[in-house]
Amino acid sequence: MRLPFFYGWVVVAVTFVTMAIGVNARTAFSLFFPPIISEFGWERGVTAGAFSFGFVASGVASPLIGRLMDRAGPRAVMELGVVLMGGGLLLAPLTSQPWHLYLTIGVMVGAGSVCLGYSGQSLFLPNWFIRKRGFAIGIAFAGVGIGSVTLLPWVQHMIEQTGWRTACTAMGLLVLIALAPINLLLHKRPEDIGLRPDGDAAPGADAAKPVSNVVDPVWVNTDWTLKRAVATARFWWIAVGYFSGLYIWYAVQVHQTKFLLDIGFSPGVAVWALGIVSLLGIPGQILLGHVSDRIGREWVWAISCAGFAICFAALIALKFQPSLWLVYVMVFTQGALGYGLTSIMGAVVFEIFQGRHQGSIFGTIMLAALAGGAAGPWLTGLLYDRTGDYTLAFAIAMVVSGLSALSVWRASPGKVRAVAGRLHKLKPASE
């Protein structure tokens, strides 16, 4: 039985729900953190280290998950993620020693989040769309923002009413019960079920040849293995761009609340600012994903990096002039512009290295991205400890924003495959 709409939108819907629950289940550690410290009396660094250790687990898992995607497809990857994350959250309430937390929240939830989060979804979702690729990914990834404003308040309420152990157990059950069945609906690519990207009909024998999106036929016709990809400059430009992109993302996300408190804003304003960033990220990801389908991935990546650069400039200015309008600037540019990075992260790699080994290539590139996500908060904190304020750290982050934009521009996905809005500049041909 054929659906009255393209099955790719079912894939988008499943991804939306998976991201809403999976990404925020890991984020919920920040809510579990205070009661765990209160109960056990462990040092903050030791306790928070479980979350940081999750980045190590994520980094180790990322290339392996890419290979699993290439060989077994998204259902295997997602169900593995459900088992790891759900199991980790269900076992965490049994914690009595720090290493228990490192194993459950760190290794199991951290590795599971690679499968269920941005990395895992970016390994197959771009296959389903070409003309609407950025738009579809933007909608799917907006699930993270919806989850943050619905699930996290629910978790916090449960912690206050019944304790962190019950809340953690509830999140584990939600992951297993909600995500295990719906991810059985996934397929790696439309061709696996007799469809074509974007829901296009198969061309008839006498139909005019469609305009191909291929700009560089020699590059596209190369069988890109991981070994071949690593030997190209484009691979390393993407790696630098993604390292820098997650560096700036997490540098501001981790430190902005403490910074606003330090310069005299109330806790209410600081918490509001963090929440509004996530809310603005929802329309920002969808709109910029759509815009990238019209003008190109490089342009939107540059726009998002510019958003982060303005955000850091506003933070520096706030130290000298603590005003709400600067907070508004910081929040808007970070959420509405900066969060657009995620809507094209998968598209950039796929449009350059599309093929049988694209999962392995993307998973390896995500090693660099995860390293940036770990380095941003750490170096920003270290520079604060050494200088006594955030000015130098935020100034460096502005430079890193520019480096990220430059790197993806040098990788030039638009010189390999054109986005839908640029097809009119190409001659009709078949790929």
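These values consider heavy atoms only, across backbone and side chains, with no hydrogens, waters or symmetry-generated copies.
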So how far is it from L260 CG to L274 CG, rounded to the nearest 0.5 Å?
9.5 Å
If you count every heavy atom of other residues, nucleotides or ligands that lies below 6.0 Å from E43 atom CD, does the total exceed 12?
no
Give the ring-plane orientation class for F312 versus F394, where under 30° counts as parallel, over 60° as perpendicular and anything between as tilted.
tilted
Taking all non-hydrogen atoms of both residues into account, name the closest pair between Q156 and L31 and its distance.
OE1-CD2, 3.4 Å
State, with a plain yes or no, whether a side-chain heavy atom of F16 is found less than 4.5 Å away from one of I146.
yes
Salt bridge between R297 and E351, side-chain N to carboxylate O under 4.0 Å?
yes
Any idea which heavy atoms bring A28 and V155 closest together, and the distance?
CB-CG1, 4.5 Å
When you check the side-chain N and O atoms of S360 and R67, is any donor under 3.5 Å from an acceptor?
no
Taking the side chain as everything from C-beta on, heavy atoms only, tell me whether Q121 gets closer than 4.5 Å to M19.
yes
Does R133 qualify as a cation-pi partner of W128, given the criterion of NZ or CZ under 6.0 Å from the six-membered ring centre and within 45 degrees of its axis?
no
Indicate yes or no for a side-chain donor-acceptor contact from T232 to the backbone of A229 under 3.5 Å, with no hydrogens or angles considered.
yes
How about R410: does its CZ atom have over 12 heavy atoms from other parts shown lying under 6.0 Å from it?
no
Atom NZ of K415 and atom CG of D216: how far apart are they, to the nearest 0.5 Å?
10.5 Å
Is atom CZ of R189 surrounded by more than 12 heavy atoms (other residues, nucleotides or ligands) closer than 6.0 Å?
yes
I'd like to check S119 versus M366 (side-chain heavy atoms, cut-off strictly below 4.5 Å). Are they in contact?
yes
Over 60° means perpendicular and under 30° means parallel, so classify the ring planes of Y118 and W249, tilted if in between.
perpendicular
First locate atom CD1 of I316, then atom CZ of F259, and finally report the distance between them rounded to the nearest 0.5 Å.
8.5 Å
Using atom types as modelled and distance alone, determine if a side-chain donor or acceptor of D293 lies under 3.5 Å from a backbone N or O of G134.
yes
Over all heavy atoms of both residues, which pair between S58 and G110 is shortest? Give the atoms and the distance, please.
OG-O, 3.1 Å
Is there a side chain to side chain donor-acceptor pair (under 3.5 Å) between Q334 and Q253? Walk through the geometry before answering.
CA-CA 9 Å; Q334 181 186 165; Q253 187 180 92; 5.7 Å; no
With side chains defined as the heavy atoms from C-beta onward, is the minimum distance between L392 and I396 less than 4.5 Å?
yes
To the nearest 0.5 Å, what is the distance between SG on C168 and CG on L89?
4.5 Å
Verify side chain to side chain contact (heavy atoms under 4.5 Å, CB included) between L341 and F308, making sure each step is shown before the conclusion.
CA-CA 10 Å; L341 293 181; F308 274 114; 3.8 Å; yes
Which value, rounded to the nearest 0.5 Å, describes the distance between H100 atom NE2 and I105 atom CD1?
13.0 Å
From R131 CZ over to N213 CG, what is the distance, rounded to the nearest 0.5 angstrom?
10.5 Å
Would you find a donor on one side and an acceptor on the other, under 3.5 Å apart, between the side chain of N24 and the backbone of V144?
yes
Tell me, do S122 and F362 make a side-chain contact under 4.5 Å, heavy atoms counted?
yes
Can you check whether W409's main-chain N or O pairs, donor with acceptor, with S412's side chain at less than 3.5 Å?
yes
Establish, from distance only, whether the side-chain atoms of S404 and W301 form a donor-acceptor pair under 3.5 Å.
yes
Inspect the surroundings of CH2 in W236 and state if more than 12 heavy atoms from other residues, nucleotides or ligands are less than 6.0 Å away.
no
Can you confirm whether T364 sits close enough to F235 that some side-chain heavy atom of one is under 4.5 Å from a side-chain heavy atom of the other?
yes
Quick test of your reading of the model: are K132 and D198 salt-bridged, counting only N-O distances below 4.0 Å?
no
Could you walk me through whether S304 and L337 satisfy the side chain to side chain contact (heavy atoms under 4.5 Å, CB included) test, starting with their C-alpha distance in whole Å, then the side-chain angles of each, then the deciding distance to 0.1 Å, before giving a yes or no?
CA-CA 5 Å; S304 294; L337 300 181; 5.5 Å; no
Within-4.5 Å side-chain heavy-atom neighbours: Q358 and I361
no
Using a 3.5 Å distance criterion without hydrogens, assess whether the side chain of H255 forms a donor-acceptor pair with backbone atoms of P377.
yes
Taking atom NZ as the centre, does K188 end up with more than 12 heavy-atom neighbours from other residues, nucleotides or ligands that are less than 6.0 angstrom away?
yes
Looking at D200 and R196, would you say the former's side chain and the latter's main chain have a donor-acceptor pair under 3.5 Å?
no
Looking at every heavy atom in both Y7 and L185, which two are closest together, and how far apart are they?
OH-O, 2.6 Å
On the 0 to 90° scale, with breaks at 30° and 60°, tag the W42-F40 ring pair as parallel, tilted or perpendicular.
parallel
Do the non-hydrogen side-chain atoms of F124 and P74 ever get within less than 4.5 Å of each other?
yes
Looking only at atom types and distance, does a side-chain atom of T225 sit under 3.5 Å from a main-chain N or O of R228, one as donor and one as acceptor?
yes
Might you point out which heavy atoms bring A57 and A111 nearest each other, and give the distance in Å?
CB-N, 4.3 Å
Closest heavy-atom pair and its distance - G363, L123:
N-CD2, 4.2 Å
Take S343 and I286, measure what side chain to side chain contact (heavy atoms under 4.5 Å, CB included) needs, and give me the verdict at the end.
CA-CA 7 Å; S343 64; I286 296 172; over 6 Å; no
Any donor-acceptor pair under 3.5 Å linking the side-chain atoms of N127 with those of Q354?
no
Evaluation steps, salt bridge (charged side-chain N to carboxylate O under 4.0 Å, His left out), between D223 and R356:
CA-CA 8 Å; D223 181 20; R356 294 179 300 146; 2.6 Å; yes
Can you spot which of V11, V12, I137 makes a side-chain contact (heavy atoms from CB on, under 4.5 Å) with F129?
V12
Main chain of L186, side chain of R75: is a donor-acceptor contact present, judged purely on distance under 3.5 Å?
yes
Check the orientation of W219 and W224. Use parallel for under 30°, tilted for 30 to 60°, and perpendicular for over 60°.
tilted
